[in-house]
Amino acid sequence: MQHTQSDTNKRSAVDFLVLPAIMAVLTAEHFSMYLSGYMLHLLPQALIALTIGYAWRRPATSVARLFAVVIGSMLAVAALEVTFNLYKRVPFDERGPLTATSIMLLAACGITAAKIYRRRMAKERFSITSDKLIWLLMAVGFAFLTVDEKTLIHEGLDRMIYRGSGMQHSAFTERIDDFIVLGYAFIGMFSLYWYRREILHFKKTITVLAAGFVVMVIHSGLDMAGRPDFVINVLHITENATQIAHGIDMAEEILKLTAETCFLSGLMLALKDCTTTARK
């Protein structure tokens with residue numbers, strides 16, 4: 001029993017350290033840029049990390065409160081990025097603190113899914129045919145998305161498809177990476193449907209995850225629309241088209257993190273249900 005308690009304490013310590021470690025590494029990578037903002041972005045990011053860490057340690061924590069804290073902190077990071085120009089090219093680009101926050105949220109989703117899998121399989125052996133495998137697949141999927149968010153794998157695939165297919169440059173080829181991201185969302189939805197017998201045990205989780213997928217699809221649509229040619233040719237707006245496209249880009253980035261917060265909240269609800277069931 002003492003050994004088990006020791007293991008629990010070690011896991012609790014890791015819960016509080018993993019997200020701050022990610023936050024520190026990402027900040028160090030662009031230290032000079034973030035220094036121009038007085039490192040203020042660390043305050044809302046630290047609040048996110050501590051709130052999630054506490055929820056992992058005590059799954060009975062209010063998920064609604066976690067959602068509100070993460071959304072509020074994410075908006076604070078976005079405001080700081082714009083106020084202090086904490087970006088390389090345009091606001092919310094892939095090197096800014098908002099993207100770093102997205103990486104933290106995706107990593108948190110993966111870790112939460114792994115925790116659910118461990119609890120659901122507590123008294124069972126690994127089985128490739130088990131419906132509970134969905135939680136492990138979600139953990140691996142979110143781990144991939146975390147790496148993708150940092151290294152832009154989807155943009156590399158975009159260039160590979162463009163060069164390998166010999167397609168001419170067009171509005172479609174400009175958006176191949178957007179279709180790849182949309183494909184990620186549909187793979188996720190298909191996986192949940194395939195393992196629906198397991199997912200249906202978690203009614204509240206289904207609702208919140210569904211909301212996340214809806215927001216993600218809207219985000220993908222805005223991502224495709226956030227180009228000057230779309231604003232001019234589809235919306236028929238010629239004046240300030242570039243600025244409008246940048247505004248759409250900023251909105252879709254906010255929606256992306258909102259979807260990630262929905263995914264995390266849904267997974268936290270499932271973790272809460274697992275913990276409650278195990279204690280009965």
Please step through side chain to side chain contact (heavy atoms under 4.5 Å, CB included) for the pair Ile237 and Ile232, ending with a clear verdict.
CA-CA 5 Å; Ile237 300 173; Ile232 295 170; over 6 Å; no

Let's go through Met39 and Leu35 carefully: what are the C-alpha distance in whole Å and the side-chain angles of both, what is the deciding distance for side chain to side chain contact (heavy atoms under 4.5 Å, CB included) to 0.1 Å, and is it a yes or a no?
CA-CA 5 Å; Met39 295 293 175; Leu35 191 60; 4.3 Å; yes

Begin from the C-alpha positions of Met268 and Ile52 and carry the test side chain to side chain contact (heavy atoms under 4.5 Å, CB included) through to its verdict.
CA-CA 9 Å; Met268 284 292 188; Ile52 294 172; 3.8 Å; yes

Please test Ile48 against Leu19 for side chain to side chain contact (heavy atoms under 4.5 Å, CB included), starting from the C-alpha separation and ending with a verdict.
CA-CA 9 Å; Ile48 291 174; Leu19 292 182; 5.5 Å; no

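The two residues Leu86 and Gly37 have their closest heavy-atom pair at CD2-N, 3.8 Å. Of all non-hydrogen atoms in Arg120 and Cys274, the two that sit nearest each other are CD-SG, 3.5 Å. Closest heavy-atom contact between Gly212 and Cys262: CA-CB, 3.5 Å. Nearest approach of Met104 to Ala49, heavy atoms of both residues: CE-CB, 4.0 Å. Of all the heavy atoms in Leu209 and Gly266, the pair that sits closest is CD2-CA, 4.3 Å. The shortest heavy-atom contact between Tyr34 and Gly96 is OH-C, 3.3 Å.
Sorted by first then second residue, the ring pair (Phe, Tyr, Trp, His ring centres under 6.0 Å) pairs that include residues 77-111, not counting sequence neighbours, are Tyr38-Phe84. Within the structure, ring pair (Phe, Tyr, Trp, His ring centres under 6.0 Å) contacts touching residues 113-152 (residues at least two apart or in different chains) are Trp135-Phe202, Phe144-Tyr184. Among residue pairs with one or both ends in residues 183-196, none qualify as salt bridge (charged side-chain N to carboxylate O under 4.0 Å, His left out); sequence neighbours excluded. A ring pair (Phe, Tyr, Trp, His ring centres under 6.0 Å) check over residues 215-271, counting only residues at least two apart or in different chains, returns the pairs Phe213-Phe263. Sorted by first and then second residue, the salt bridge (charged side-chain N to carboxylate O under 4.0 Å, His left out) pairs involving residues 28-48 (not counting sequence neighbours) are Glu29-Lys150.
Linking ILVMFWY side-chain heavy atoms closer than 4.5 Å, directly or via other members, places Ile187 and Val217 in two distinct hydrophobic clusters. Cluster membership for Phe186 and Leu145, using ILVMFWY side-chain heavy atoms within less than 4.5 angstrom, is shared. Hydrophobic clustering, with ILVMFWY side chains joined whenever heavy atoms are under 4.5 angstrom apart, keeps Val90 apart from Val231. Placement of Leu47 and Trp56 in two distinct hydrophobic clusters is found when ILVMFWY residues are connected by side-chain heavy-atom separations under 4.5 Å, directly or transitively. Hydrophobic clustering of Ile, Leu, Val, Met, Phe, Trp and Tyr side chains at less than 4.5 Å, counting indirect connections, keeps Val140 apart from Ile128.
Considering CG of Leu105 and CD1 of Ile22, their distance stands at 10.0 Å, rounded to 0.5 Å. Interatomic distance, Leu257 CG to Leu264 CG, rounded to the nearest 0.5 Å: 11.0 Å. Going from atom CG of Leu137 over to atom CG of Leu192 covers 10.0 Å, rounded to the nearest 0.5 Å. Rounded to the nearest 0.5 Å, atoms CD1 (Ile248) and CG (Leu235) are 6.0 Å apart. Here the straight-line distance linking atom OG1 of Thr205 with atom CG of Leu267 works out to 7.0 Å at 0.5 Å rounding. Here Met138 contributes atom CE and Ile199 contributes atom CD1; the two are 6.0 Å apart, rounded to the nearest 0.5 Å.
Checked against side chain to side chain contact (heavy atoms under 4.5 Å, CB included), Ser127 has the following partners two or more places apart in sequence or in another chain: Thr129, Ser130. With sequence neighbours left out, the side-chain hydrogen bond (donor to acceptor under 3.5 Å, both in side chains) criterion links Glu253 to Lys256. Residues that satisfy the side-chain hydrogen bond (donor to acceptor under 3.5 Å, both in side chains) test with Gln243, not counting sequence neighbours, are absent from this structure. By the side-chain hydrogen bond (donor to acceptor under 3.5 Å, both in side chains) test, Glu239 is found to be paired with no residue, residues two or more places apart in sequence or in another chain being considered. Scored by the side-chain hydrogen bond (donor to acceptor under 3.5 Å, both in side chains) test, Asp249 finds no partners at all (sequence neighbours excluded). Residues forming a side chain to side chain contact (heavy atoms under 4.5 Å, CB included) with Ala114 (at least two apart in sequence, or on another chain): Ala139.
In this structure, Asp273 and Pro59 have side chains that are not in contact, with every pair of non-hydrogen atoms separated by 4.5 Å or more. Looking at heavy atoms from C-beta onward, Ile218 lies out of side-chain contact with Glu252 at the 4.5 angstrom threshold. Counting only heavy atoms from C-beta outward, the side chains of Ile134 and Trp194 never approach each other to under 4.5 Å. Between Arg89 and Arg95, some side-chain heavy-atom pair lies under the 4.5 Å cut-off. Side-chain contact between Ile254 and Leu98 is present, with at least one heavy-atom pair separated by less than 4.5 Å. When side chains are defined from C-beta on, Glu124 counts as touching Lys132, because their heavy atoms get closer than 4.5 Å. Residues Val82 and Met250 have side chains in contact (heavy-atom distance under 4.5 Å, counting atoms from C-beta outward). Side-chain contact check for Met216 versus Val181: some heavy-atom pair is nearer than 4.5 Å.
Under a 3.5 Å cut-off, the side chain of His201 and the backbone N or O of Glu198 do form a donor-acceptor pair.
For the pairing with Thr101, the side chain to side chain donor-acceptor pair (under 3.5 Å) check across Glu260, Gln45, Glu81 returns one residue only, Gln45.
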Could you go through residues 66-79 and list every donor-acceptor pair under 3.5 Å that involves a side-chain atom there, pairing it with any protein atom two or more places apart or in another chain?
residue : atom : partner : partner atom : Å
Ser73   : OG   : Val69   : O            : 2.8

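Taking a cutoff of 4.0 Å between a charged side-chain nitrogen and a carboxylate oxygen, Lys88 and Asp93 do not qualify as a salt bridge. Checked for salt-bridge contact, Arg227 and Asp178 meet the test: a charged N lies under 4.0 Å from a carboxylate O.
For the residue pair Glu94 / Thr99, no side-chain donor-acceptor distance below 3.5 Å is found, with atom types taken as modelled.
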